[in-house]
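Numbering starts at 1 and runs along the sequence shown.
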Amino acid sequence: MSDVPPPPPSPPASRRTKKRLLKSDQQDQNPTHVSDSLLNVPPVDASSLLPPSAPVASLLQSCDPHSLLRKVVQPPRQGTFSANLAVQPKSQNRPSECRTQFNAKIDSTTLNQDLPSTSTAEPPPLIADVEMDPLTIFPEPLCLSSRVGMDANLLSFGENNPISHIRPISNENFKIDWHCFLSNTGQPLAELIEGASLGDVTVDESEETAAEDPAPAPEVKNPLYAGSPLSLQECLITILAYAQSVHMSGQDFSKLLQLLNILLPQPNNLPKSSHQFFKCFDKDETELQIFYFCTCCWKQRASLSDICPDCKDPKKKVTYYLICPILPQLEKMYSRPGFVEKLNYKNVRQKIDENNLEDVYDSSVYRNAEQTVFKDSNSISLTWYTDGISIFECSTYTLWPFLFVINELPPEERFKPENVILGGLWGCNEKPHPNVFLLPLYCQLMSLSEGCKVKAFNSEVEMEVHVFLLFGTCDVPAKASFMNMKGHSGYFSCPKCLVKGEKSPRTGNVMVFLHEDNLEPRTDENYKEFVSESVKIKDDYKGVFGPSILSFMTASSFISSVSIDSMHCVQLGVTKQLINLWFNPTFSSEKFSLSQKTEIVNRRLLSLKLPHFVQRSPVGVDKLSYWKATLLRNFLLYFALVVMKGVMQLEYFDHLSLLVEAISLLNSPSISDLDIQKADELLCQFTSDFQKLYGMRHMSSNMHLLRHLPQSVAETGNLFVTSCFRFEDLNGKLARLIHGTTHATMQIFCRYSILTNLEKWVSSITSLSLRSFCDKLSHGSNLNITEKICVGTYIVGMLAFNVHFEYHIRNILSSMYAEPPKFQTFDRLYQNRMLYVSASYTKGTKNSSFCRYYGHTEMLHGKILCFVKTSDNSFYALISRIAHEPTDIKRYYAAGIEMAKDLVPITCLINVAFCLEVDNFLYIIDPANSFELE
């Protein structure tokens, strides 16, 4: 392929030219469209990278070039880059109208060997006289419908057939030679992004581009303005914290800076543009690896301009994905104060029952890894997650982050952005090829499993840490893709068993999975057999298309490690399906239809007064398209039975009760073996009866997955441990880092340090007023926090004196103190991520006054009348104890008459309870767990 000369320098563009260019850029949502001057490195023949004697080399020379990726992946070309947040590239050939907030710098080892782009020197072989690793076997790209010729010549190797070696990674077979995937090809690398716009797509008329803004960044240690008691650095951190809390766009952020500059005294040191603003922060030197590939044949390419010569598709193009090295991220985490101590959580946690399943550590997969995989007490394990994010409304472009969380951290720390490892970013109009995307991550994990050196905070001694990937969770389409299996609409598509499914006229020509009492499970052994057979017949076998690198990455049983996600299976799947069947007028002639009672159900739903931690209020069942997963979860666990009682026929109500009870058991904070067994029986009965009550036409894949939910919980942990709610929240935070239409993955990488460092920056603020403001942002902008009682406990609102309960408070204090102290009262308390609101507080429409608390000998329910602060700084809650009796609906109590009044320390408060009033009858029910509070 002939070299493409770089374009000549462009003169500065006028604002009108900028607007025209930006408008055309917005119409073309192709994020990989960049200048042809990028990385003009000649392509390398894959067969030249291997010794001629290697069997794989002969395979490369004898097969169709278009199918090379299906057999052997080319060694990735990778460059190591350091990203400087909001620093202007220094290239002289860059058009002035292209704004950026990213500067990619090549590692010094590649700069020292910079060669002309016309060089034809052949790179050295990877490893002489060594056969390629069995992991180089790749299946047909998942985006192609035809699989003819897939891995056609693999069996000709006899004993050297790589498929025969495929097996999930375990403690005894970690010794795989993965270095062949990391060898440097010796080719030069040039600037990563030349002329690519990574900033905002709208040019503000009052703000020049970063290239035209020569002003240096102000000194952050200076005051905000002359005579100000606030430092510029702390003000910038506070502004950034506010912008993140309200999900502010880049354009609005620039306008905010302009407004503040107008309001502040002149002159002042506040940056005048977002470019100057981000220059004030420390540069993040996190390394980055970029891999280029052809979107038609998935072959590795040298650069964005290295168009594949073998593909005949006129729409062919080259794009890239990013891999973020894991080790540097771990080193930063270990260097933070208190991080190593938090990793000891599993040894210091207080369990409700020593024999019960209460976190991931009690699951069978984790316990087995402790015995067979973990090297010592410094070993840590990871859970993976991935899903596609649609970030542009009028485009098929999707973003696929691959994330890891550390299981050894406490649950409340696990999903904080600073503790989440960003493994890679795939941004393309095509779904990711799992083996292409995961190969570099596999190489890193194999190295980390052998051990890596890190330093803890305030320690000069390096500690050796072993890292293993144990679990994974995602939705069904992503699971099928990364396990290299059929999707949910295909035969043998269940990832847990070998049920075939049925698609025939009697099922309405829809794929369904009818109830079967005995299901043949998938195992690691039959999975390997299916992989081998699928390659032989050049088609899928028992739902398996071919090998998956994910099975090698997992240091445990591959089939068991991929959990069933309750968010997509139960809430967005089964619960939403049930509501649609009940209230969709399409089924009005069916026996199960409740479409004639829609108004009754809507009236009951909309009249519920919910606690403050329920942020998404119910909407009518006739607006099901507006129901999000959190609302569906709350409906199933808390609202459904009390709202549907008396509306549904008894047999359908009893059938719904089976599902609610089973999911409540599996979602509880402490699960016994008997609970899992009972949930299994309930769900088996539910799916069997569903086929009879609703018809086989509606036996969907999600309905079938309910059968495997109890076993999945036993293998990987409680439902709230493996649900995707927290991961989806992280996806939203990543998506909000994107402000332009080009190179979305680069934008996220550049700004990712904002998410990971913001909490550390806020903790460094010394100004009490700014620190208090940032604390309020972290607890919700509507909370008026006036006093901090202790860590995680705050007074909300002003202190006062409640004359209505003065008599009761004085009488109880007299029995507690020889000399009763003076006291004040307040109405709202924020504790353990819950807002407790007394019955005296009449503002608002929510009800957080009912609670569960510890009495003298038992747990009780009551209504909070007010909170009390005594002169000796003791804090109490005055609670009217409620007589409650079990109802005919399990887990629900009937709120009876108010009994004695108790004055209990606020530390005795357990949780806010739901108090649901339906047709003048009060039901009380506690949250299923504290982890999934909104």
In this structure, NE2 of H433 is separated from SG of C297 (nearest 0.5 Å) by 10.5 Å
Can you say whether the rings of W298 and F293 are parallel (under 30°), tilted (30 to 60°) or perpendicular (over 60°)? parallel
Answer yes when K479 and D475 have at least one side-chain N-carboxylate O distance shorter than 4.0 Å, and no when they do not. no
Backbone N/O of I549 and side chain of N435: donor-acceptor pair under 3.5 Å: yes
State the SG-CG distance between C294 and D310, to the nearest 0.5 angstrom. 9.0 Å
Heavy atoms of W400 and K431 approach each other most closely as CZ2-CG, 4.2 Å
Between S534 and V531, what is the shortest heavy-atom contact and its length? OG-O, 2.7 Å
Search all heavy atoms of P495 against all heavy atoms of I559 and return the closest pair with its distance. O-CG2, 3.8 Å
Supply the atom-to-atom distance S303 OG to I290 CD1, rounded to the nearest 0.5 angstrom. 12.5 Å
Side-chain donor-acceptor pair present, Q289, Y321, cut-off under 3.5 Å: no
Between M485 and F545 the two heavy atoms that sit nearest each other are O-CE1, 3.6 Å
Here the pair of heavy atoms bringing P432 nearest to S481 is O-OG, 4.0 Å
Just wondering, are more than 12 heavy atoms of other shown residues or ligands nearer than 6.0 Å to NZ in K503? no
Test log, rule ring-ring contact (aromatic ring centres under 6.0 Å, His included), inputs F291 and Y320: CA-CA 5 Å; F291 296 89; Y320 63 90; over 10 Å; no
Pairwise distance SG(C724) to CG(D565) - rounded to 0.5 angstrom: 3.5 Å
Output the distance between atom CG (N731) and atom CG (L403), rounded to the nearest 0.5 Å. 6.0 Å
Please verify the inter-ring angle class for F482 with W384; under 30° counts as parallel, over 60° as perpendicular, anything in between as tilted. tilted
Verify side-chain contact (heavy atoms from CB on, under 4.5 Å) between L327 and L448, making sure each step is shown before the conclusion. CA-CA 8 Å; L327 180 56; L448 294 173; 4.2 Å; yes
Going through the distances and angles, do V562 and F558 end up as a side-chain contact (heavy atoms from CB on, under 4.5 Å)? CA-CA 7 Å; V562 183; F558 179 48; 4.1 Å; yes
Spacing of CZ belonging to F402 relative to CH2 belonging to W426, to within rounding of 0.5 Å: 12.5 Å
